[in-house]
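In what follows, a single structure is set out as structure tokens and then discussed.
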Amino acid sequence: ILGVATEHEGLPFFSEKANGILAVSEEVKNHLHQIAKIENINLPPIHVFPNYYTSEYGEYEYVTNDRIKSVCCISNHPSKEELEAMGLLEANGIKAVVYGYQTRSVEITPELLSKHDVVISIGRTAQECMSMGIPYYCYDHFGGPGYISLQNFERNAAYNFSGRPEKTSLTGKELYEDIVQGYE
């Protein structure tokens, strides 16, 4: 399974011998086709096998608060504006925690996610949060669309909730304001 579609990625040496290739999004599938065309490689069929959540997430009961009390950012590479926004959240009485190998490396579980009113992240965390009903804010070092809603769900799903389709970058203050004002 191939994950992120970035300029430095290539196909495995055995790609032409495989029966099929799994990609985590339409974006990755298209990227692999582009690489194959450039490198003149005949690829087997490429199928999209999106990130998923396990049953424990879908079965977990999350209770939504009427106001934000706690926000977490799950990222191994948080942007400076995310860190600034997290500081502003804390300064305004909202618990703000960053999880990831640069800060706190922890296992992401339904119990951990349920402690927060908003989760800021990209990738698989989207499916986990949405299955639990936790407001999910799609943003990372690529930027992002902000809260995932019915209006932007399909477009962002095609990009594995990576933040890449919009590439909207905000300042820390703008990010803080968007998180707080868009919560309801």
Side-chain angles (χ1 to χ4, degrees), residues 3-4 24-25 27 50-184:
V4 179
V24 298
S25 69
E27 177 194 24
N51 278 327
Y52 61 93
Y53 63 91
T54 55
S55 62
E56 69 220 60
Y57 289 89
E59 295 168 0
Y60 204 87
E61 194 168 327
Y62 171 75
V63 179
T64 304
N65 287 318
D66 58 344
R67 66 177 185 86
I68 300 176
K69 297 176 184 172
S70 179
V71 175
C72 77
C73 172
I74 300 173
S75 177
N76 289 327
H77 32 68
S79 65
K80 67 179 181 160
E81 63 265 25
E82 283 177 291
L83 297 175
E84 184 182 335
M86 297 301 276
L88 289 169
L89 289 164
E90 280 281 337
N92 286 283
I94 299 170
K95 181 180 176 184
V97 181
V98 179
Y99 299 112
Y101 75 81
Q102 293 177 341
T103 52
R104 291 182 207 174
S105 186
V106 297
E107 182 181 356
I108 304 304
T109 64
E111 294 78 20
L112 177 87
L113 293 176
S114 70
K115 293 177 183 177
H116 304 286
D117 301 306
V118 176
V119 175
I120 305 166
S121 190
I122 60 171
R124 181 176 176 171
T125 310
Q127 287 87 346
E128 294 168 343
C129 289
M130 288 184 276
S131 72
M132 294 176 67
I134 299 173
Y136 176 74
Y137 195 94
C138 183
Y139 196 94
D140 208 321
H141 67 286
F142 297 116
Y147 284 106
I148 296 298
S149 66
L150 291 174
Q151 290 74 33
N152 65 15
F153 177 85
E154 290 296 327
R155 176 166 168 76
N156 284 281
Y159 285 79
N160 192 35
F161 301 99
S162 65
R164 285 189 291 269
E166 284 85 1
K167 296 186 181 186
T168 302
S169 292
L170 303 172
T171 66
K173 185 175 186 217
E174 291 169 332
L175 190 55
Y176 161 78
E177 290 171 352
D178 196 43
I179 291 165
V180 172
Q181 292 171 4
Y183 178 66
E184 69 176 63

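What's counted below: heavy atoms across the whole structure, side chains too, no hydrogens, waters or symmetry copies.
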Show me the pairs that pass salt bridge (charged side-chain N to carboxylate O under 4.0 Å, His left out) and involve residues 129-138, at least two apart or across chains.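 Sorted result for residues 129-138: empty, none.
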Measuring from [X]:[atom1] to [Y]:[atom2], what's the distance to the nearest 0.5 Å?
{"X": "C72", "Y": "I108", "atom1": "SG", "atom2": "CD1", "answer": "7.0 Å"}
{"X": "Q181", "Y": "E174", "atom1": "CD", "atom2": "CD", "answer": "11.0 Å"}
{"X": "C73", "Y": "L83", "atom1": "SG", "atom2": "CG", "answer": "7.0 Å"}
{"X": "T171", "Y": "E84", "atom1": "OG1", "atom2": "CD", "answer": "6.5 Å"}

Could you list the residues that satisfy side chain to side chain contact (heavy atoms under 4.5 Å, CB included) with S55, not counting sequence neighbours?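 Counting only residues at least two positions away or on another chain, S55 forms a side chain to side chain contact (heavy atoms under 4.5 Å, CB included) with E59.
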Go through the structure and list residues passing side chain to side chain donor-acceptor pair (under 3.5 Å) with S169, not counting sequence neighbours. none
Residues in side chain to side chain donor-acceptor pair (under 3.5 Å) contact with T168, at least two apart in sequence or another chain: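 Partners of T168 under the side chain to side chain donor-acceptor pair (under 3.5 Å) test: none.
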Is a donor from one side chain sitting under 3.5 angstrom from an acceptor on the other, for E107 and T109?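 Per modelled atom types, E107 and T109 side chains form no pair under 3.5 Å.
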Testing the 3.5 Å rule here: is there a donor-acceptor pair between the side chains of S70 and H116? yes
Only pairs under 3.5 Å count here: list side-chain donor-acceptor contacts from residues 85-98, not counting sequence neighbours, and write none if there are none.
unit_1: E90; atom_1: OE2; unit_2: A96; atom_2: N; d: 2.7
unit_1: N92; atom_1: ND2; unit_2: L88; atom_2: O; d: 2.8
unit_1: N92; atom_1: ND2; unit_2: Y176; atom_2: OH; d: 3.3

Could you pull out every donor-acceptor pair under 3.5 Å between side chains of residues 150-159 and any protein atom, sequence neighbours left out?
unit_1: Q151; atom_1: OE1; unit_2: S149; atom_2: OG; d: 3.1
unit_1: N152; atom_1: OD1; unit_2: S149; atom_2: N; d: 2.7
unit_1: N152; atom_1: ND2; unit_2: Y147; atom_2: O; d: 3.1
unit_1: R155; atom_1: NH2; unit_2: P165; atom_2: O; d: 3.0
unit_1: N156; atom_1: ND2; unit_2: N152; atom_2: O; d: 2.8

Test item: T64 and Y183 side chains (from C-beta on) under 4.5 Å apart, heavy atoms: yes
Side-chain touch L113/Y60, heavy atoms, less than 4.5 angstrom: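 With C-beta onward as the side chain, the pair stays apart.
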Under 3.5 Å, sequence neighbours excluded: what are the donor-acceptor pairs made by side chains of residues 128-139?
unit_1: E128; atom_1: OE2; unit_2: R124; atom_2: NE; d: 3.3
unit_1: S131; atom_1: OG; unit_2: Q127; atom_2: O; d: 3.3
unit_1: S131; atom_1: OG; unit_2: E128; atom_2: O; d: 2.8
unit_1: Y136; atom_1: OH; unit_2: S121; atom_2: O; d: 2.8
unit_1: Y136; atom_1: OH; unit_2: I122; atom_2: N; d: 3.3
unit_1: Y137; atom_1: OH; unit_2: D178; atom_2: OD2; d: 2.5
unit_1: Y139; atom_1: OH; unit_2: E81; atom_2: OE2; d: 2.6
unit_1: Y139; atom_1: OH; unit_2: L170; atom_2: N; d: 2.9

According to salt bridge (Lys or Arg N to Asp or Glu O under 4.0 Å), who are the partners of K173, at least two apart in sequence or on a separate chain? E177
